[in-house]
S.K.: 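Structure incoming, see below.
Values reported hereafter were calculated over all heavy atoms of this structure, with side chains retained and with hydrogens, waters and symmetry mates removed. Since the model is a prediction, treat every value here as computed from it, not as a measurement.
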Amino acid sequence: MENYYTPASDYCSIGSYAVHDSIISVGAYVARNSYYSLNLGTMIYDNNYTLGSVYFVSSYQVPGYGPTGKALPVVMAPGLDVVAAGSRYSYFQTTPQHKDLVRRDADGSLWGAMSGTSMATPTVAGIIAQWLQIKPDMTPSEVKDVIAQTAVKDEFFGNRMGPNGKIDAMAGVQYLLSQMEPEYIPGDLDGSGAIDIDDVTLSIALILGNPDPGTVIEAADFDG
């Protein structure tokens with residue numbers, strides 16, 4: 001097996017389990033730096049963190065260093081003051097130093113604020129799960145290609161943000177849809193394989209709200 005170990009340094013702090021080609025490693029950035037206190041009475045501010053910047057807990061690998069020499073992590077996602085649902089089985093419920101991080105609302109549901117790549121990573125996993133609804137057979141390499149084509153590179157983009165920048169869920173959806181072969185010809189309402197006078201007649205009937213009973217509309221969205 002290939003040896004992925006390398007000593008930590010200013011150029012590489014990422015774990016060996018995150019550098020394999022089939023792994024989509026995730027870093028955290030500051031998408032918000034404030035949240036309501038758990039009793040909703042006050043706003044908690046983390047003024048030490050600049051919106052958009054890399055959250056300092058994110059591990060990284062600068063190009064030319066580390067076990068593979070590739071820029072990592074693959075992509076960044078929100079990771080500071082992320083408010084999310086909580087589990088009644090969470091250790092937050094039982095350890096004194098964490099209980100103040102969790103709130104139980106009027107109907108008994110739990111939620112809280114948490115920071116770190118532990119919040120950024122499931123965000124990316126959920127986004128990729130949505131992308132797989134469009135193209136279920138994507139490989140990790142193909143997912144990385146979608147990320148590379150659509151992630152946001154802004155003024156904070158740099159060596160510690162990997163090769164791609166910040167994940168953009170909607171841009172990924174739009175990219176995947178643009179790569180798909182169309183299943184119909186826009187404007188071919190009756191599915192005949194051509195746009196003709198019958199389609200014009202059917203479009204008028206649709207606008208007036210009285211198409212013939214049993215008519216199957218294939219592609220009424222002319223402009224997409």
S.K.: For residues Tyr29 and Met119: do they belong to one hydrophobic cluster (side chain heavy atoms under 4.5 Å, members Ile, Leu, Val, Met, Phe, Trp, Tyr)?
M.R.: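 Not linked; separate clusters.
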
S.K.: Using the rule that Ile, Leu, Val, Met, Phe, Trp and Tyr join whenever any side-chain heavy atoms are under 4.5 Å apart, tell me whether Ile14 and Val54 fall into a single cluster.
M.R.: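 Not linked; separate clusters.
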
S.K.: Flag yes if more than 12 heavy atoms outside Asp10 fall under 6.0 Å of its CG atom; otherwise flag no.
M.R.: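 For Asp10, atom CG is not crowded (no more than 12 foreign heavy atoms under 6.0 Å).
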
S.K.: Which heavy-atom pair separates Ala151 from Asn164 by the least distance, and what is that distance?
M.R.: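 In terms of heavy atoms, the two residues are closest at CB-O, 3.2 Å.
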
S.K.: Roughly how far apart are Thr150 OG1 and Ile167 CD1, rounded to 0.5 Å?
M.R.: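 Reported value, rounded in 0.5 Å steps: 7.0 Å.
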
S.K.: Looking only at heavy atoms, which two atoms of Gly69 and Gln61 are closest? And how far apart?
M.R.: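 Scanning both residues, the minimum pair turns out to be N-NE2, 3.5 Å.
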
S.K.: Check Pro63 against Ala71 and note the closest heavy-atom contact, atom names and distance.
M.R.: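 Heavy-atom minimum between the residues: CG-CB, 3.7 Å.
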
S.K.: Could you give all pairs that pass the ring-ring contact (aromatic ring centres under 6.0 Å, His included) test and reach residues 64-87, with sequence neighbours left out?
M.R.: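 ring-ring contact (aromatic ring centres under 6.0 Å, His included) check on residues 64-87 returns Tyr11-Tyr65.
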
S.K.: Ignoring hydrogens, what is the shortest heavy-atom contact between Val146 and Trp131? Give both atom names and the distance.
M.R.: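 Scanning both residues completely, I find the closest heavy atoms to be CG1-CZ3, 3.7 Å.
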
S.K.: Taking all non-hydrogen atoms of both residues into account, name the closest pair between Ser58 and Gly27 and its distance.
M.R.: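 Closest approach of Ser58 to Gly27: OG-C, 3.7 Å.
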
S.K.: I'd like to check Gln179 versus Leu176 (side-chain heavy atoms, cut-off strictly below 4.5 Å). Are they in contact?
M.R.: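 Heavy-atom side-chain distance check fails, nothing below 4.5 Å.
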
S.K.: Are the side chain of Lys166 and the backbone N or O of Gly52 linked by a donor-acceptor pair below 3.5 Å?
M.R.: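 At least one qualifying donor-acceptor pair exists.
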
S.K.: Is there a continuous path of hydrophobic side-chain contacts, each under 4.5 Å between heavy atoms, that joins Ile23 to Met138?
M.R.: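 No, separate clusters.
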
S.K.: Treat each ILVMFWY residue as a node, draw an edge where side-chain heavy atoms are under 4.5 Å apart, and state whether Ile127 and Val124 are in one component.
M.R.: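 Ile127 and Val124: one cluster.
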
S.K.: Counting C-beta onward and ignoring hydrogens, is there a side-chain heavy-atom pair between Asp145 and Tyr175 closer than 4.5 Å?
M.R.: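 Asp145 vs Tyr175: side chains touch.
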
S.K.: Keeping the roles fixed (side chain from Ser13, backbone from Ser59), state whether a donor-acceptor pair exists under 3.5 Å.
M.R.: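 Checked: no pair found.
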
S.K.: Run the salt-bridge test on Lys144 and Asp21 with the 4.0 Å N-O cut-off and return the result as yes or no.
M.R.: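 Looking at Asp21 together with Lys144, the answer is no, because their closest N to O distance does not fall below 4.0 Å.
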
S.K.: Which heavy atom of Phe156 sits nearest to which heavy atom of Met161, and what is that distance?
M.R.: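 Heavy-atom minimum between the residues: O-CE, 3.7 Å.
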
S.K.: Heavy atoms, side chains only, cut-off 4.5 Å: are Thr123 and Val82 in contact?
M.R.: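 No. Closest side-chain heavy atoms not under 4.5 Å.
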
S.K.: Within the 4.5 Å heavy-atom criterion, are Lys135 and Glu142 side-chain neighbours or not?
M.R.: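 Yes, their side chains come closer than 4.5 Å.
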
S.K.: Mind checking whether Val173 and Gln130 have side chains closer than 4.5 Å, heavy atoms only?
M.R.: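 Not in contact.
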
S.K.: Given a cutoff of under 4.5 Å between side-chain heavy atoms of I, L, V, M, F, W and Y, with clusters grown through shared members, what are the other residues clustered with Phe56?
M.R.: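 Listed partners: Val30, Tyr49, Leu51, Tyr55, Val57, Leu80.
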
S.K.: Could you state whether Met76 and Val26 fall into the same hydrophobic cluster, counting links through intermediate Ile, Leu, Val, Met, Phe, Trp or Tyr residues with side-chain heavy atoms under 4.5 angstrom apart?
M.R.: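 No, Met76 does not connect to Val26 through the hydrophobic network.
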
S.K.: Could you tell me the separation between the CG atom of Asp168 and the CD1 atom of Ile147, rounded to the nearest 0.5 Å?
M.R.: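 Here the interatomic distance stands at 11.5 Å.
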
